[in-house]
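Lettering of chains follows the sequences in order, A, B, ..., and the numbering in each one begins at 1. Any value given below was found using the heavy atoms of this structure, including those in side chains, with hydrogens, waters and symmetry copies removed.
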Amino acid sequence: MAATSDQTQPAGVAAAGVVPMPKAWKPQEVEEHMYREWESAGLFSAAADDPRPRFVISMPPPNITGELHLGHAQYTVQDLYCRYKRLLGYNVLWVPGTDHAALGTNALIERQLAAEGTSREAIGRASFDRRVEEWYANYGPRILNQLRRLGFTADWTRLRFTMDPAYIRAVRTAFVRLYDDGLIYRGPRIVNWCAHCASSVSDLEVDWREHEDTLYYIRYDMADGDGSLTIATVRPETMLADTAVAVNPSDDRYRRYIGRYARLPIVGRELAVVADDYVDPKFGTGALKVTPGHDPNDYEIGRRHDLEILSSIDKEGNIVSDDWVPDELRSRDALTARGRIVEMLRDRDHLVRTEGYVHDVGHCDRCGEVIEPLVDDQWWCAMSRLAAPAIEAVEDGRIRFHPERFGAGYLDWMRRLRDWNISRQIWLGHRVPVYYCSRDDQHVFASVEPPTACPQCGGTELRQDPDVLDTWFSSALWPFATLGWPDDTPDLRAFYPTDILDTAREIIPLWVSRMIMTGLRFMDAEPFHTVVIHAVIQDPHGQRMSKSKGTGVDPLEMVDRYGADAVRAWSADVALPRQDVRFDEDRIRSYQLFANKLWNVARFALAATAETERQGLDSLPAGALEEFDRWILSRLDALIVRVTDGLETYRPGEGITAIYEFTWHDFADWYVEAIKPRLRLQPADPSRVAAASVALHVLDVVIRLLHPYMPFVTEALWTRLPGDGTPLTAGTQVPRWPAPTGRQDVALERSVESLFEVVRRVRDARKEMGAGERETLPAAMQLTPSTAGLLDAGEGRRALGLLARLELVEELPGPAGRVVLGDGIEVSLGAPAAGAAADKASLERELKAATANIDRLEQQLASEAFVTRANPVVVQRSRDQVQAAREKRAALEEAISRAE
RNA sequence: GGUCGGCUAGCUCAGUUGGUUAGAGCGCUCGGUUCACAUCCGAGAGGUCAGGGGUUCGAGUCCCUUGCCGACCACCA
């Protein structure tokens with residue numbers, strides 16, 4: 001890699017000390033340049049003929065409806081696994097792309113047109129199409145730039161867009177095959193109609209919101225004059241299209257009405273009274289007006305009883321002008337008509353009463369308009385034959401969800417699937433590839449290539465269906481259509497099926513389920529084996545982020561402020577296995593600070609070590625490692641296990657948390673501080689060489705473990721460590737992911753950490769005694785017989801002196817100022833030059849705590865049940881603890897008496 | 001209505017088969033110009049683990065229940 005900025009200098013240059021490493025890690029000065037280097041070196045491109053095992057992710061294509069929001073930072077999870085797998089030696093392909101988002105983009109462009117005082121009808125289809133192209137040309141590149149700024153290693157040479165010519169052919173092919181197999185059909189059924197978008201929308205695109213409405217009780221007299229039925233409705237305007245009244249067959253109140261006829265007020269139509277189990281006798285009056293033309297449930301009742309379907313509301317949301325509609329209501333919009341109808345009912349004494357009523361009303365997901373259910377000719381995709389194998393794939397475990405609970409939700413939804421309304425009446429999108437011959441209404445056919453003649457009669461006057469397809473119909477083909485399907489391409493053969501799909505949970509029914517269905521149908525294989533559902537990012541108050549409320553956050557703003565590494569680390573931390581996560585800028589910032597910390601600890605280690613010491617651990621002579629060396633290597637082994645395990649179980653937060661804690665606290669705070677004197681020894685001193693080698697080894701491993709999370713800072717450091725110069729971002733033949741080395745030593749860890757605890761207590765005591773920060777105190781150390789050899793002499797003794805700023809002596813010159821106790825160790829501190837000679841109060845405080853601890857343990861051990869039934873290991877631990885606590889209490893009491 | 005998630009320090013969150021005296025980051029208090037880092041170092045204060053009940057020698061952790069917050073699915077006019 002060529003380097004222009006000093007932070008990306010090759011290792012040799014920096015190591016020679018020619019160019020010093022800057023004091024602070026400044027991602028803003030490094031990341032963008034470094035990314036361009038990676039991309040231009042082709043590090044993200046996978047080869048179809050690469051013999052290594054492959055790992056593939058299809059990127060969920062962001063909608064080109066605008067710029068990305070912070071939620072897209074969750075794509076970090078995908079890059080994390082791509083980089084992890086590259087380090088493991090896989091041939092990795094991450095296929096990127098964008099989605100045309102027909103309904104959404106269409107709504108935005110229409111809004112734009114409306115703001116300019118025009119409309120799509122006014123400017124015509126050609127101009128509209130140009131608008132669409134401009135839109136995509138504007139936002140598409142911005143989105144891709146955002147993804148690049150986050151450091152994502154998607155293979156941009158394979159970028160796809162769901163409206164590319166090749167993709168259009170894939171969509172048409174899928175449609176034609178399903179059509180020819182009878183799984184796509186056209187027919188009149190009730191749909192969710194949005195008058196504003198002038199299109200149907202699928203059940204999943206209806207947004208239900210609570211409304212306060214009025215429930216009207218309306219009396220329908222019987223046609224034969226004998227009695228009446230009162231019904232309740234919130235939508236009196238739909239009564240014009242009533243074609244029946246329904247009651248529950250078991251409802252004694254209404255049994256005598258069944259089979260007779262009621263007369264519809266205002267209109268005068270006769271309505272059959274039918275018996276249907278759907279009717280809830282306890283709701284309202286127990287009698288239901290049936291309007292098959294404008295209510296999904298009524299539609300079902302209508303089918304069961306073979307009722308006529310009438311429409312009283314048209315696609316503009318106005319009352320129809322059919323001759324059975326009273327003149328004064330015709331063409332009025334539905335809402336004004338409602339008021340007028342209520343007046344008419346009141347005038348004619350049909351309105352029994354009204355009451356307030358709170359219920360949910362469907363709104364268009366895209367534009368917010370109230371949805372009008374109406375019956376319309378639409379294209380449908382039959383679900384049951386497609387769903388069955390997709391259900392089995394998850395039941396059998398061929399596809400697994402993480403977190404697991406989402407699998408149950410998927411199955412529940414799939415088992416209740418209804419046919420899918422796939423046509424939309426807008427201009428933007430994939431046109432339905434169905435053609436009608438002008439010679440004969442019966443000559444209807446679907447065709448992948450635009451046909452020139454009717455296959456049945458050869459007629460050349462053909463008309464294409466005006467509808468377009470639901471965007472999700474095209475997205476459903478994503479994992480294979482991006483690889484060249486329907487052609488049998490090398491990419492398709494090499495890279496399908498993919499491995500992991502990572503997305504948000506709300507997308508499971510919209511997209512995941514449909515990819516599984518089409519993958520099994522067209523490719524005869526599940527499109528992926530693992531579905532990872534990441535958390536949804538909310539605003540800091542736990543509300544959904546929304547652009548309109550101004551609570552949306554631009555990921556680039558965060559990247560500019562804290563660096564991509566910090567944003568990524570935070571994303572990876574919170575993405576799994578949680579369900580919701582609040583945006584927390586401080587937490588992002590903490591990862592920037594971490595990058596700086598890593599940078600500096602590396603800077604120190606590199607500056608303090610000589611070129612000759614950068615040879616690797618293996619070249620050290622046997623026995624060269626001291627206690628702290630073995631301690632940090634033991635901790636490092638545990639870290640490798642924890643990070644790897646976290647990634648393998650789809651809990652990446654475990655990994656980044658562990659790396660953070662290890663690097664900052666174990667490595668920088670303790671290990672590096674403890675070896676500083678050793679690094680100042682002569683270059684050839686074995687102790688120095690061991691410390692330097694271990695420090696560099698730890699850095700090397702940490703950088704590799706951290707790289708998937710924070711690629712930029714790790715790459716910058718990698719070039720300065722000994723190695724072959726191949727960027728970490730590059731895939732290599734030889735795996736580079738660290739493996740545990742068997743150096744874990746739990747007993748050693750315990751004794752070293754108990755020494756740290758003593759250091760902490762001494763620091764605390766020094767402060768309480770009023771010792772100066774830089775003042776060295778004399779101290780005598782006493783060890784109990786059980787003490788580990790570590791503390792007796794050598795490194796432990798040295799470290800205690802260094803880290804707690806003590807001079808260890810055999811005998812204190814005067815009375816002890818304080819006595820500090822640890823596990824098997826007692827440190828008597830000499831009095832500081834100034835300040836309180838002894839702090840009896842704090843000793844007494846400690847005594848109190850120690851006594852309470854003894855009481856608790858003694859009580860526990862006095863319990864017969866505990867001693868006989870608890871795990872012996874636990875019992876022994878309590879015994880050891882109480883013993884240690886008693887020793888400590890005795891020492892404290894003695895110290896207190898000395899202080900008096 | 002069904003399902004799922006959450007409720008742990010002032011704030012945001014860890015806490016993986018039940019077992020030391022419940023942790024971290026930020027914030028706060030006190031002290032630090034030690035030649036890696038003030039984007040830092042050291043020390044400290046701060047929690048009846050949402051309420052109630054149960055199982056257990058032992059519960060933040062398991063079971064039941066109540067409450068509140070949130071999400072998804074369904075759609076009783």
Checklist entry - Of A:Asp586 and A:Arg416, whose nearest nucleotide on RNA chain B comes first from the 5' end? => result A:Asp586
Next on the checklist: Output the rounded distance in Å from CD1 (A:Ile507) to C1' (B:rC73).
Outcome noted: 14 Å
Checklist entry - Taking CH2 from A:Trp25 and C1' from B:rU39, how many angstroms apart are they, rounded to a whole number? => result 14 Å
Next on the checklist: Looking at A:Arg587, I'd like to know whether one of its side-chain N or O atoms comes within less than 4.0 Å of OP1 or OP2 on B:rC13.
Outcome noted: no
Checklist entry - Whole Å only: how far is the CD atom of A:Glu757 from the C1' atom of B:rU20? => result 13 Å
Item to check | Whole-Å distance separating the CG atom of A:Asn192 from the C1' atom of B:rC75 | outcome: 11 Å
Next on the checklist: Ignoring hydrogens and geometry beyond distance, is a side-chain donor-acceptor pair present between A:Gln592 and A:Asn596 at under 3.5 Å?
Outcome noted: no
Checklist entry - Considering only heavy atoms and no angle criterion, is a donor-acceptor pair shorter than 3.5 Å present between the side chain of A:Lys597 and the base of B:rC37? => result yes
Checklist entry - Within this structure, what is the CZ-to-P distance between A:Arg763 and B:rU34, rounded to whole angstrom? => result 14 Å
Next on the checklist: Less than 4.0 angstrom between a side-chain N/O of A:Lys23 and OP1 or OP2 of B:rA38, yes or no?
Outcome noted: yes
Next on the checklist: Regarding A:Asp573 and A:Tyr660, do their side chains bring together a donor and an acceptor under 3.5 Å, going by distance alone?
Outcome noted: no
Item to check | Side-chain N,O (A:Arg415) to OP1/OP2 (B:rU3) below 4.0 Å | outcome: no
Next on the checklist: Is there a side-chain contact between A:Arg418 and the phosphate of B:rC75, meaning an N or O under 4.0 Å from OP1 or OP2?
Outcome noted: yes
Item to check | Under-4.0 Å side-chain N/O to phosphate OP1/OP2 contact, A:Tyr217 with B:rA77 | outcome: no
Checklist entry - Counting only side-chain N and O atoms of A:Arg505, is one of them less than 4.0 Å from OP1 or OP2 of B:rC72? => result no
Checklist entry - Is the distance from OP1 or OP2 of B:rA24 to the nearest side-chain N or O of A:Tyr660 less than 4.0 Å? => result no
Checklist entry - For A:Arg405 and B:rG6, what is the distance between atoms CZ and P respectively, to the nearest whole Å? => result 7 Å
Checklist entry - Can you check whether A:Arg578 has a side-chain N or O nearer than 4.0 Å to OP1 or OP2 of B:rA14? => result yes
Item to check | Charged tip of A:Lys676 within 45° of A:Phe604 ring normal and under 6.0 Å | outcome: yes
Item to check | Atom CD of A:Glu404 with >12 non-hydrogen neighbours under 6.0 angstrom | outcome: no
Checklist entry - Taking CZ from A:Phe401 and P from B:rG5, how many angstroms apart are they, rounded to a whole number? => result 16 Å
Checklist entry - B:rC72 P sits how many Å from A:Arg209 CZ, rounded? => result 13 Å
Checklist entry - Cation over ring, A:Arg353 on A:Tyr217, under 6.0 Å and within 45°? => result yes
Checklist entry - B:rC41 phosphate, OP1 or OP2: any side-chain N/O from A:Trp664 under 4.0 angstrom? => result yes
